[in-house]
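Take a look at the structure below.
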Amino acid sequence: MSTEIIHVAIVGAAGRMGTQLLQEAADLESLKVSAAIVAPESTHIGQPLGPQGLIATSDLSAIANADVVIDFSSPDSCAQVAEYAAGAGIAMVSGTTGLSAAHHQALDVASGSIPLMLAANFSVGVNLLEHLVELASRGFGTDADIEIFEAHHRRKVDAPSGTALMLGRAAARGRDWELDEVATWAREGHTGPRDDDEIGFQVLRGADIVGEHTVYLCAAGERLELTHRATDRAIFARGALRAARWLAGKPAGRYQMRDLLFGDA
Ligand SMILES: NC(=O)C1=CN([C@@H]2O[C@H](COP(=O)(O)OP(=O)(O)OC[C@H]3O[C@@H](n4cnc5c(N)ncnc54)[C@H](OP(=O)(O)O)[C@@H]3O)[C@@H](O)[C@H]2O)C=CC1
Ligand SMILES: O=C(O)C1=N[C@H](C(=O)O)C[C@H](O)C1
């Protein structure tokens, strides 16, 4: 692996993940944070952030000297950063969730000119879980009903989580289904019995839960529960920093965490 120092800019630098990224990056000799971007109306503008004491700015042109921009902000901001990074020829890693089809379209366009990795979850465990879920879904076939439960902190703004959707897509792949055609996002009232070709989602929001996901495969007489529990946000930050180093210098295109971890692009 190259020991060349890479420069990264962080968008959403004053947020929970931004703060964690600045903290984790400070321990790395092979990576330097060159810009800390915050929201246009942020009270942090002009103030030092993180152990690096970087002065926060909302001016996106501050990312110009970076090799990679790492974004953990909002869907609109993510799409805007992708457009800017593509114009400036800067690789992009994003963990932002809750993206619409239009946001994904903006990322697709950007990935025509830069390497871009979007991952709903940068932990190794969740990316392993994705494989296990597809395998289990295929193995049981329609003998098992699949339900996905996720729990997060009270400040999370999107639901279901990006990770729950990613696991839902893996379960659907195992059955050769399209998630959008089989997802049940909520149940209330006289719902009638469950369909065979259905993947249900349940969501909990409370206090400081970092992130928990369980995929239930419920068959007659047995039940398989595949669970991941994140107990420290640092795992996401470390994964995103690892992704930034891996992505720097790659050809333009869309990349996923599984390309880094398993090399099955
Ligand atoms: N892929 C993964 O592994 C993980 C993904 N996430 C996802 O990352 C995203 C951020 O999560 P989290 O850090 O908890 O959320 P926070 O709300 O704590 O942080 C987001 C930050 O982005 C800022 N922001 C909003 N708009 C802009 C903009 N235009 N330019 C620069 N900054 C902006 C916000 O500022 P302000 O508050 O002033 O609006 C805020 O400080 C979410 O989508 C979350 O789901 C989270 C953890 C792990
Ligand atoms: O908002 C969060 O906190 C998290 N969001 C990601 C998601 O939506 O899946 C990843 C992780 O679970 C934490």
Side-chain angles (χ1 to χ4, degrees), residues 9-24 35-45 47 49-50 54 56-63 69-85 92-100 103 106 117-127 129-130 148-170 201 203-215 227-244 256-258 260-261:
I10 296 174
V11 179
R16 278 174 292 276
M17 278 304 298
T19 303
Q20 199 72 58
L21 282 159
L22 288 169
Q23 195 66 46
E24 293 297 320
I37 312 294
V38 297
E41 58 289 344
S42 173
T43 53
H44 293 278
I45 292 173
Q47 303 297 317
L49 283 182
L54 278 160
T57 176
S58 62
D59 182 358
L60 259 189
S61 70
I63 75 172
V69 57
I70 304 181
D71 161 76
F72 282 84
S73 56
S74 71
D76 285 349
S77 164
C78 171
Q80 193 190 351
V81 172
E83 191 182 346
Y84 190 93
M92 176 169 174
V93 168
S94 178
T96 300
T97 58
L99 306 189
S100 67
H103 296 122
M117 183 191 288
L118 175 73
N121 198 302
F122 283 96
S123 80
V124 173
V126 157
N127 286 279
L129 178 62
E130 185 189 20
I148 299 177
F149 168 81
E150 61 103 330
H152 282 86
H153 53 94
R154 70 200 316 279
R155 297 201 178 277
K156 184 160 178 63
V157 294
D158 56 310
S161 67
T163 306
L165 296 174
M166 165 188 168
L167 297 173
R169 279 192 294 274
F201 288 81
V203 173
L204 180 155
R205 292 288 175 264
D208 57 355
I209 301 170
V210 174
E212 302 187 2
H213 294 88
T214 298
V215 178
T227 295
H228 180 268
R229 290 196 178 87
T231 53
D232 186 345
R233 210 165 261 122
I235 55 156
F236 307 133
R238 286 200 286 268
L241 292 166
R242 183 178 169 192
Q256 304 189 48
M257 223 16 210
R258 63 170 173 258
L260 181 166
L261 293 171

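Fair warning: this is a prediction, and the values are worked out from it, not measured in the lab. Atoms within a ligand are numbered from 1 in the order they appear, just like the ligands themselves.
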Check: residues 159-167 side-chain donor-acceptor pairs under 3.5 Å, at least two apart:
residue : atom : partner : partner atom : Å
Ser161  : OG   : Ala164  : N            : 2.9
Ser161  : OG   : His213  : NE2          : 2.8
Thr163  : OG1  : Ala120  : O            : 3.4
Thr163  : OG1  : Asn121  : ND2          : 3.1

Considering heavy atoms of the protein only, find what lies nearest to atom 32 (N) of ligand 1 and give residue, atom and distance to 0.1 Å.
Ala39 N, 3.3 Å
For atom 28 (C) of ligand 1, what is the nearest protein heavy atom, given as residue, atom name and distance?
Ser77 OG, 3.3 Å
Distance from atom 20 (C) of ligand 1 to nearest protein heavy atom, with residue and atom
Phe72 O, 3.7 Å
Any heavy-atom pair between the side chains of Asp76 and His103 that's under 4.5 Å?
yes
Could you walk me through whether Val215 and Ile148 pass the side-chain contact (heavy atoms from CB on, under 4.5 Å) check?
CA-CA 5 Å; Val215 178; Ile148 299 177; 4.1 Å; yes
Taking it one step at a time, do Ser73 and Asp71 satisfy side chain to side chain donor-acceptor pair (under 3.5 Å)?
CA-CA 6 Å; Ser73 56; Asp71 161 76; 2.4 Å; yes
Judged by heavy atoms only, the candidate from Ala13, Gly162, Gly95 nearest atom 5 (C) of ligand 1 is Gly95
Give me the nearest non-hydrogen protein atom to atom 2 (C) of ligand 1 as residue plus atom name, then the distance to 0.1 Å.
Ala120 O, 3.3 Å
Protein contact of atom 14 (O) of ligand 1 - nearest heavy atom, named by residue and atom, plus distance
Arg16 NE, 3.0 Å
When you compare the side chain of Ile45 with that of Val38, does any pair of heavy atoms fall below 4.5 Å?
yes
Measure the shortest side-chain to side-chain distance between Met257 and Glu130 over non-hydrogen atoms and say whether it is less than 4.5 angstrom.
no
Heavy-atom distances under 4.0 Å decide this one: backbone, side chain, both or neither, for Val38 against ligand 1?
backbone
Contact table, ligand 2 N/O with protein N/O, distance under 3.5 Å:
residue  : atom   : partner : partner atom : Å
ligand 2 : 1 (O)  : Lys156  : NZ           : 2.9
ligand 2 : 3 (O)  : His153  : NE2          : 2.8
ligand 2 : 5 (N)  : Lys156  : NZ           : 3.2
ligand 2 : 8 (O)  : Thr97   : OG1          : 3.4
ligand 2 : 8 (O)  : Lys156  : NZ           : 2.8
ligand 2 : 8 (O)  : Gly162  : N            : 2.9
ligand 2 : 9 (O)  : Gly162  : N            : 3.3
ligand 2 : 9 (O)  : Thr163  : N            : 2.8
ligand 2 : 9 (O)  : Thr163  : OG1          : 2.5
ligand 2 : 12 (O) : His152  : NE2          : 2.6

May I have the step-by-step check of side-chain contact (heavy atoms from CB on, under 4.5 Å) for Val93 and Phe122, ending in yes or no?
CA-CA 10 Å; Val93 168; Phe122 283 96; 3.5 Å; yes
For the atom pair CG (Leu129) and OG1 (Thr214), what is the distance rounded to the nearest 0.5 Å?
8.5 Å
Those atoms of ligand 1 less than 4.0 Å from some heavy atom in Val11
31 (C)
Give the contacting part of Lys156 toward ligand 1: side chain, backbone, both or neither, where contact means a heavy-atom distance below 4.0 Å.
side chain
Under 3.5 Å, N or O to N or O, is Ala14 touching ligand 1 that way?
no
Audit row: Leu261, Arg242, side-chain contact (heavy atoms from CB on, under 4.5 Å) steps and yes/no:
CA-CA 10 Å; Leu261 293 171; Arg242 183 178 169 192; 3.7 Å; yes
Does Glu212 reach the side chain of Glu150, with side-chain heavy atoms less than 4.5 Å apart?
no
Heavy atoms only: which of Ser42, Gly15, Ser73 lies closest to atom 10 (C) of ligand 1?
Ser73
Below 4.0 angstrom, counting only protein heavy atoms, does anything approach atom 37 (O) of ligand 1?
no
Protein contact for atom 34 (C) of ligand 1 (heavy atom, distance under 4.0 Å):
no
State whether the number of non-hydrogen atoms from other residues, nucleotides or ligands found under 6.0 Å of Glu83 atom CD is greater than 12.
no
Is it the side chain (CB and beyond), the backbone, both or neither of Ala119 that lies under 4.0 Å from ligand 1, heavy atoms counted?
backbone
I would like to know whether Phe236 and Met17 meet side-chain contact (heavy atoms from CB on, under 4.5 Å); could you show each step before the answer?
CA-CA 8 Å; Phe236 307 133; Met17 278 304 298; 3.5 Å; yes
Within the 4.5 Å heavy-atom criterion, are Leu118 and Leu99 side-chain neighbours or not?
yes
Does an N or O from His153, backbone or side chain, lie closer than 3.5 Å to an N or O of ligand 1?
no
Among all protein non-hydrogen atoms, which one is nearest to atom 23 (C) of ligand 1, and what is the separation to 0.1 Å?
Gly12 CA, 4.0 Å
For atom 44 (C) of ligand 1, which candidate among Val93, Thr19, Thr97 holds the nearest heavy atom?
Thr97
Atom 3 (O) of ligand 1 [closest protein heavy-atom partner, distance rounded to 0.1 Å]
Phe122 N, 3.0 Å
State whether the shortest distance between N or O atoms of Met17 and N or O atoms of ligand 1 falls below 3.5 angstrom.
yes
